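This report refers to the structure that appears directly beneath it.
Counting starts at 1 for both ligands and their atoms, following the listed order. As the structure is a computational prediction, the values presented were derived from the model and not from experiment.
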Amino acid sequence: MRIEFDSSILYDSVRDIEDFPKPGVTFKDITPLLGDPAAFSSAVDAIVISFGRGTIDKVVGIEARGFIIAAPVAYHFGAGFVPLRKAGKLPAATVEESYELEYDTATLEVHSDGLAPGDRVLIVDDVLATGGTARAACNLVERARATVAGLAFVIELEFLKGARKIDGYDFRSLLKY
Ligand code: AMP
């Protein structure tokens, strides 16, 4: 589902970096968006308005760019912020979930006490690509017996069909390519 708002300011502030981090990949660089006060606040506001205050207890941000969007979204909801990090970064006891990358596997972790049963959780990241990261995030939330209220992305790369991995969840993206 696309969030309805004037997206031109956001499209204009996303920069394509060819062959980063490896040949053949077009990296969607959101640092110009983050550095533009109007674009940054528009992105955060669009996500908050789309889900609505009072609907979310915790916002899960995915390391690292997801943190930057998720934290102000949580603040506006009056919700808690919970970091979902790469293996070995969180200091206390964790629950982990591994998932397939193109030629490798990756692991995401959340603190065991970061989410409570029944929490209504919004998962936030900068880019939905193949969907493996988003799916692992959903699995971690559900293993804590919390509820995935939805997922929000600044960018969805539709040609990578990540939506299939989170079929059935209420996910929304600000920009589609
Ligand atoms: P995936 O698990 O394939 O959906 O990948 C999503 C994660 O990788 C997100 O946390 C993104 O930050 C990052 N990512 C994947 N592809 C890109 C891209 N083309 N540009 C920027 N970030 C990307």
Side-chain angles (χ1 to χ4, degrees), residues 1-3 7 9-36 39-40 42-44 46-47 50 58-74 81-90 94-111 114-115 121-143 148-177:
M1 174 181 174
R2 186 196 295 272
I3 299 175
S7 57
I9 185 174
L10 296 191
Y11 276 109
D12 290 346
S13 63
V14 172
R15 175 166 63 186
D16 282 2
I17 308 291
E18 301 299 336
D19 299 317
F20 185 87
K22 57 184 182 181
V25 174
T26 301
F27 188 85
K28 294 291 183 191
D29 177 19
I30 63 163
T31 59
L33 182 156
L34 299 173
D36 178 323
F40 186 30
S42 295
V44 171
I47 293 170
S50 170
K58 300 267 174 62
V59 180
V60 163
I62 300 179
E63 185 175 2
R65 292 178 295 280
F67 293 172
I68 303 165
I69 308 291
V73 166
F81 168 80
V82 177
L84 211 152
R85 299 204 66 180
K86 290 162 189 158
K89 303 273 193 178
L90 287 169
T94 61
V95 179
E96 65 173 49
E97 180 87 16
S98 294
Y99 59 101
E100 301 290 321
L101 296 176
E102 198 176 352
Y103 300 111
D104 204 359
T105 61
T107 301
L108 284 177
E109 295 182 339
V110 65
H111 273 148
L115 298 168
V121 177
L122 176 67
I123 296 166
V124 174
D125 203 0
D126 64 333
V127 174
L128 175 66
T130 65
T133 307
R135 181 70 214 204
C138 291
N139 292 348
L140 279 174
V141 169
E142 288 174 352
R143 283 171 55 193
V148 179
L151 301 95
F153 305 93
V154 178
I155 292 167
E156 178 182 354
L157 302 177
E158 287 186 295
F159 58 94
L160 292 175
K161 306 197 186 309
R164 289 181 183 169
K165 291 242 177 70
I166 47 173
D167 191 32
Y169 292 99
D170 180 4
F171 83 93
R172 308 180 190 189
S173 32
L174 302 181
L175 307 175
K176 296 190 181 216
Y177 294 87

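For Asp29, the side chain to side chain donor-acceptor pair (under 3.5 Å) criterion is met by Arg15, Thr31, not counting sequence neighbours.
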Practice task
Output, in order, the C-alpha distance, side-chain angles, deciding distance and verdict of side-chain contact (heavy atoms from CB on, under 4.5 Å) for Phe40 and Ile69.
Solution key: CA-CA 8 Å; Phe40 186 30; Ile69 308 291; 4.2 Å; yes

Exercise for the section: Could you check Leu160 against Leu128 for side-chain contact (heavy atoms from CB on, under 4.5 Å), going step by step and ending with a plain yes or no? Expected result: CA-CA 9 Å; Leu160 292 175; Leu128 175 66; over 6 Å; no

Practice task
Start with the C-alpha distance between Ile123 and Leu84, add both sets of side-chain angles, then the distance that settles side-chain contact (heavy atoms from CB on, under 4.5 Å), and finish with yes or no.
Solution key: CA-CA 9 Å; Ile123 296 166; Leu84 211 152; 5.8 Å; no

Handout entry: Stepwise side-chain contact (heavy atoms from CB on, under 4.5 Å) test for Ile166 and Val148
Key = CA-CA 11 Å; Ile166 47 173; Val148 179; over 6 Å; no

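Taking the ring centroids of Phe81 and Phe67, they lie under the 6.0 Å cut-off.
Annotation: ligand 1 has protein neighbours Thr26, Phe27, Lys28, Arg65, Asp125, Asp126, Val127, Ala129, Thr130, Gly131, Gly132, Thr133, Leu157, each with a heavy atom less than 4.0 angstrom from the ligand.
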